[in-house]
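For reference, the structure discussed in these notes is given below.
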Amino acid sequence: MAFTLYSLIQAAILCVNAVAVLHEERFLSKIGWGVDQTVGGFGDEPGVKVQLMNLVRSVRTVMRVPLIAVNAVCIVLLLLFG
């Protein structure tokens with residue numbers, strides 16, 4: 001398999017899919033990344049963990065519908081062109 005732009009895009013889509021399917025109560029709270037661990041004080045700088053959790057929530061919220069369409073297009077392209 002050659003390293004092409006399509007394979008790079010496909011790898012990025014797989015990573016976004018992996019982030020989108022993470023479930024807070026089932027998986028993330030077991031490793032200490034749940035909702036209740038992100039409480040900080042007023043004026044405190046958010047840590048890396050809080051910023052990553054905000055990124056995961058944002059990806060799950062914003063990319064849910066577009067990921068369905070992008071995955072469908074990738075599947076059709078793989079079916080047509082192998």
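Nothing here was measured: the structure is a model prediction, and the numbers come from that model.
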To the nearest 0.5 Å, tell me how far Met53 CE sits from Arg57 CZ.
4.5 Å
Can you run down the side chain to side chain donor-acceptor pair (under 3.5 Å) pairs that involve residues 73-82, sequence neighbours left out, and say none if there aren't any?
none
As an exercise, state the distance from CD of Gln10 to OG1 of Thr4, rounded to the nearest 0.5 Å.
8.5 Å
Among the clusters formed by ILVMFWY side chains lying less than 4.5 Å apart, do Leu14 and Val19 turn up in the same one?
no
Quick one: side chains of residues 68-75, donor-acceptor pairs under 3.5 Å with protein atoms, not counting sequence neighbours, listed by atom name and distance.
unit_1, atom_1, unit_2, atom_2, d
Asn71, OD1, Asn17, ND2, 3.1
Asn71, ND2, Asn17, OD1, 3.2
Asn71, ND2, Leu67, O, 3.0

May I ask you to decide if Asn54's main-chain N or O and Ser58's side chain share a donor-acceptor pair within less than 3.5 Å?
yes
Side-chain contact test, heavy atoms from C-beta onward, threshold under 4.5 Å: evaluate it for Leu78 versus Tyr6 and give yes or no.
yes
